Amino acid sequence: QLRLVESGGGLVQAGRSLRLSCAVSGPLSEHSSIAWFRQAPGKEREGVSCISSNDGSTYYADSVKGRFTISRDNAKNTVYLQMISLKPEDTAVYYCSADGEMFSLCQLYNPYEYAYWGQGTQVTVSS
């Protein structure tokens, strides 16, 4: 059983930056792929970025490419999402998730493949 706890959300003006953190704990947590999803009111959950546990490869949604960067610090069991040049359309609850699979390749298209989820952190970008 993995436990994920997000932090770092808040209210910022457009163009500013935020860094989200996802602390992961539990058996073999360092071997799980981690993904960030977000969900805005009235919209479906959207994959934002993920990092694979097998080779460290990273993937981004087209809407955030060039602005968001995902990284992982295995010594701290924490995954970060650095967000720059934030836009009002980035406003959402951001969730980190883990697939619980060893040495897997992450993906952003099917949230149901991620078995473990954090409680979410709100990001609000004002114009």
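In this text the structure is predicted, and so the values were computed from the model without any measurement.
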Side-chain donor-acceptor contact under 3.5 Å, Arg19 with Tyr80
no
Check Ala92 against Gln122 and note the closest heavy-atom contact, atom names and distance.
O-NE2, 3.4 Å
pair His31-Ser104: side-chain heavy atoms closer than 4.5 Å:
no
Shortest non-hydrogen pair, Arg38 vs Ser63, comes out as NH2-OG, 3.5 Å
Once you round to the nearest 0.5 Å, how far does OG of Ser25 lie from CG of Leu4?
7.5 Å
Can you find a pair of side-chain heavy atoms, one from Gln13 and one from Val125, that are under 4.5 Å apart?
no
Val48 and Val64 have their tightest heavy-atom pair at O-CG2, 3.6 Å
Carboxylate-amine/guanidinium contact Asp62 Lys65, below 4.0 Å:
yes
Quick one: do the Ser33 and Ser52 side chains pair a donor with an acceptor below 3.5 Å?
no
Closest approach of Leu2 to Ala98 (non-hydrogen atoms, all atoms of both residues):
CD1-CB, 3.8 Å
Between the main-chain N or O of Leu11 and the side-chain N or O of Thr124, is there a donor-acceptor pair closer than 3.5 Å?
no
Answer whether the closest heavy-atom distance between the side chains of Thr91 and Val123 falls below 4.5 Å.
no
Are side-chain N/O atoms of Thr78 and Asp73 paired as donor and acceptor at under 3.5 Å?
no
If hydrophobic clusters are built from ILVMFWY residues whose side chains come within less than 4.5 Å, do Tyr94 and Leu108 share one?
no
Please say whether the positively charged group of Arg45, taken as NZ for Lys or CZ for Arg, lies over the ring of Tyr95, i.e. under 6.0 angstrom from the six-membered ring centre and within 45 degrees of the axis.
yes
Can you hop from Tyr116 to Ile34 via hydrophobic side chains spaced under 4.5 Å?
yes
Using the side-chain contact (heavy atoms from CB on, under 4.5 Å) rule, take Arg72 and Ile51 through it: C-alpha gap first, then chi angles, then the decisive distance, then the call.
CA-CA 8 Å; Arg72 186 171 199 157; Ile51 185 164; 3.9 Å; yes
Separation between SG (Cys22) and CD1 (Ile70), nearest 0.5 Å, reads 8.5 Å
Which residue is it: Leu18, Val93, Leu20? I am looking for the one with a side-chain contact (heavy atoms from CB on, under 4.5 Å) to Thr121.
Leu20
Measure the CD-OG distance between Glu101 and Ser53 for me, rounded to the nearest 0.5 Å.
8.5 Å
Check whether any side-chain heavy atom of Ser49 lies under 4.5 Å from a side-chain heavy atom of Tyr59, and answer yes or no.
no
Closest heavy-atom contact between Ser85 and Arg67?
O-NH1, 3.0 Å
Does the plane of the ring in Phe37 sit parallel, tilted or perpendicular to the ring in Tyr114? Use 30° and 60° as the thresholds.
perpendicular
Are Leu86 and Arg16 side-chain neighbours, meaning at least one heavy-atom pair lies under 4.5 Å?
no
Let me confirm one number: the OG-CE distance from Ser32 to Met102, rounded to the nearest 0.5 Å.
9.0 Å
Side-chain contact, heavy-atom cut-off 4.5 Å: Phe68 with Asp90?
yes
Is the shortest side-chain heavy-atom distance between Cys96 and Trp117 below 4.5 Å?
no
Is it the case that one hydrophobic cluster holds both Val12 and Met83, taking links as side-chain heavy atoms less than 4.5 Å apart, direct or via other members?
yes
Nearest non-hydrogen partners of Gly120 and Glu6, listed with the distance:
N-OE1, 2.9 Å
